[in-house]
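As a basis for the values below, the full set of heavy atoms in this structure was taken, side chains included, without hydrogen atoms, waters or symmetry mates.
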Amino acid sequence: LNFALGEALAAAALAVIEEAGMKPEEVDLVGSHGQTVRHLPGGQPPSTLQIGEPAVIAQRTGITTIADFRPADMAAGGEGAPLVPLVDHMLFASAEGKGRIMLNIGGIANVTVLPAGAGPNEVLAFDLGPGNVLMDGAVVYLTGGRERFDRDGARAAAGRADEESVARLMEHEFIQRQPPKSTGREEFGTEYLTELFNHLELTGDDMLATLAGFTVTAIADGIQRYAMTDTSVSEVWVSGGGVHNQHLMNLLASSLPVAVAPVDALGVPADAKEALSFAVLANEALMGGKGNLPSATGAQHPVVLGKITVGSRSEGEC
């Protein structure tokens, strides 16, 4: 799988280069997050595993590839996540004296808090809990695999959320834990979803509505408890796949006391923000720049993130 995903990522890199009207030799580097298949920051010892072999990417594209960004932070005592706060500060800290929250809703939801005028070391970031992972998994289960997600949140919007179930789900230990914290499918994956289907007396759209309600409640609760302690925060900018779930976005807008909008309005497509972030982190690694923020990950000190695999085009220069 590691090599197969490497081939797929290499093909994707070549495709996006062509789409941009460029040639591989015009590209200096590739930054590849890969696919996290196991993340155990609380393990003994802490560990994490991302696949998508960078040597394959570097050979197929000829471009030097930086990948595997989490382990260096974990080796320094951090959670290995979230990894984008430094880039969020570089790109989105407001010059107009506004405090901002950058919310990413992927499989897991996470935030970066950018208080007005804050330096990088004052940035707070952490995982909030499930993003799309439970809703997507429920759709796969309910449709027998025919569908992979709830388009526009239409099915959840048609259902009725069970508020008592949402309240019980909010008692989850991770939701109540204080930052810094990170999570993944180990806590909110298939096993957890199976438990919910076994114990919640809900079916069909009502289950999806309840899972959407839990997702939004966990996001809003985490933001209001830990991210809005700075009174300068007045904006929440959303990226990731969840931005396309209109039902989810409507629930968020009604659950938070500040403006909520897709990050596209700041000049970065919501679907591209994470990819852009790892391109920037790859450049930081190549230049020897520290890529983590200990205030976000809990690491003992800043470290260079990522491992460098020299591209086939550069091998003769080494």
K.L.:
Return the set of residues passing salt bridge (charged side-chain N to carboxylate O under 4.0 Å, His left out) with Glu96 (not counting sequence neighbours), or none when no residue passes.
P.N.:
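With sequence neighbours excluded, Glu96 shows a salt bridge (charged side-chain N to carboxylate O under 4.0 Å, His left out) to Lys98, given in chain and number order.
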K.L.:
Mind checking what makes salt bridge (charged side-chain N to carboxylate O under 4.0 Å, His left out) contact with Glu186, not counting sequence neighbours?
P.N.:
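If we apply the salt bridge (charged side-chain N to carboxylate O under 4.0 Å, His left out) test to Glu186, skipping adjacent residues, the hits are Arg38.
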K.L.:
What residues form a ring pair (Phe, Tyr, Trp, His ring centres under 6.0 Å) with Phe174, not counting sequence neighbours?
P.N.:
none
K.L.:
Name all residues meeting the side-chain contact (heavy atoms from CB on, under 4.5 Å) criterion together with Glu284; count only those two or more places apart in sequence or in a different chain, and write none if there are none.
P.N.:
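So Glu284 forms a side-chain contact (heavy atoms from CB on, under 4.5 Å) with Met90.
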K.L.:
Under the ring pair (Phe, Tyr, Trp, His ring centres under 6.0 Å) test, which residues partner His172, sequence neighbours left out?
P.N.:
Phe188, Tyr192
K.L.:
For Asp150, give me all partners under salt bridge (charged side-chain N to carboxylate O under 4.0 Å, His left out), at least two apart in sequence or on another chain.
P.N.:
none
K.L.:
With sequence neighbours excluded, tell me which residues meet side chain to side chain donor-acceptor pair (under 3.5 Å) with Arg225.
P.N.:
Gln176, Asp221
K.L.:
For Phe3, give me all partners under ring pair (Phe, Tyr, Trp, His ring centres under 6.0 Å), at least two apart in sequence or on another chain.
P.N.:
none
K.L.:
Tell me every residue that passes side-chain contact (heavy atoms from CB on, under 4.5 Å) with Val123, counting only those two or more places apart in sequence or in another chain.
P.N.:
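If we apply the side-chain contact (heavy atoms from CB on, under 4.5 Å) test to Val123, skipping adjacent residues, the hits are Pro85, His89, Thr112, Leu114, Leu293.
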K.L.:
Of all residues at least two apart in sequence or in a different chain, which pass the ring pair (Phe, Tyr, Trp, His ring centres under 6.0 Å) check with Phe149?
P.N.:
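Result, ring pair (Phe, Tyr, Trp, His ring centres under 6.0 Å) vs Phe149: none returned.
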K.L.:
Of all residues at least two apart in sequence or in a different chain, which pass the side chain to side chain donor-acceptor pair (under 3.5 Å) check with Ser232?
P.N.:
Asp230
K.L.:
With sequence neighbours excluded, what pairs up with Asp136 under the salt bridge (charged side-chain N to carboxylate O under 4.0 Å, His left out) test?
P.N.:
none
